[in-house]
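Okay, structure first, notes after.
Worth knowing before you read on, the calculation uses all heavy atoms, side chains too, and leaves out hydrogens, waters and symmetry mates.
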Amino acid sequence: MDLQEAIFRHRDMGALLSFGSPEDSDALSKLPPDYVRFLRKTNGMMTGDDSLQVYGVAELIDANASEWKKDYGNLTHGLLFAAQDAFGNQYGYRTCGDNSRGIFKFMCEGGEIRFLGISTLDELLAGWLSCDDRFGFDWPMFRALASLGPFLRKGRHIGFELPLIAGGDYDARNAVAEGIDLHMGTLSQLTRKNMLLPDGQAIKRFRDVC
């Protein structure tokens, strides 16, 4: 039984974290231990400024079983998304190959993987609250777009009317608030199409991580 088969049938923390059956225990064992420790403290959370959400069980299932994640193709193979920021970038763990590099950031525009040099969600949260530059979150842009919010609290991301990957300007005048599924669905499809472009095009081409 793989990660998806073992976990995605669960819809609440009580079911996932109970040891009432061998199936529940098996599902729990397939989650990264760091994420299980987080769930035992709280079933998901969001920063007060609406910039970062760490998924609870329901959100974990929805994100990792989503059509938009599938649309990224092999770029998301072996990745478990456990958090997201207001721009739609995903954070989580590798579940295949060498997983010793800790927490990664998956760039929703283009599919690049960036390892953050941290091992736990607690480190992510601590760094986030101190505006750690290593995480590459654009705080000035986020604050400039506050009038478009709320974002994550209303199931929305900060997107761009003409996506950056399609040549749009990284400018507040091009920014919009979009529903998460629409935003991620558009970017995942654009990312896959751009991977088919000939080498030498302006848009980067990222390799699979596993």
Glu109 side-chain N/O to Leu164 backbone N/O, donor-acceptor pair under 3.5 Å: yes
For the residue pair Trp128 and Phe135, does the interplanar ring angle fall in the parallel (under 30°), tilted (30 to 60°) or perpendicular (over 60°) class? parallel
Think Lys105 forms a cation-pi with Phe115, using NZ or CZ under 6.0 Å from the six-ring centre and within 45 degrees of its axis? no
Backbone N/O of Lys69 and side chain of Thr76: donor-acceptor pair under 3.5 Å: yes
Cationic N near anionic O, under 4.0 Å, Arg156 to Asp181: no
Please work out which of the three classes, parallel, tilted or perpendicular, describes the rings of Phe137 and Trp139, given edges at 30° and 60°. perpendicular
Could you give me the CA-CA distance, side-chain angles and deciding distance for Asn194 and Thr191, then say whether side-chain contact (heavy atoms from CB on, under 4.5 Å) is met? CA-CA 5 Å; Asn194 283 324; Thr191 296; 5.8 Å; no
In terms of relative ring orientation, are Trp68 and Phe81 parallel, tilted or perpendicular, with 30° and 60° separating the classes? parallel
Mind checking the SG-CD spacing from Cys108 to Gln84? Nearest 0.5 Å is all I need. 9.5 Å
In Å and rounded to the nearest 0.5 Å, what is the CG to CD distance from Asp71 to Gln189? 5.0 Å
Check against side chain to side chain donor-acceptor pair (under 3.5 Å), Ser130 and Asp132: CA-CA 6 Å; Ser130 63; Asp132 194 321; 5.1 Å; no
How about Arg153 and Gln53: do any of their side-chain heavy atoms sit closer than 4.5 Å? no
Nearest 0.5 angstrom please: Gln90 CD to Met107 CE, how far? 11.5 Å
Are Tyr93 and Phe104 an aromatic pair by the rule of ring centers under 6.0 Å? no
Is the shortest side-chain N to carboxylate O distance from Arg114 to Glu112 below 4.0 Å? yes
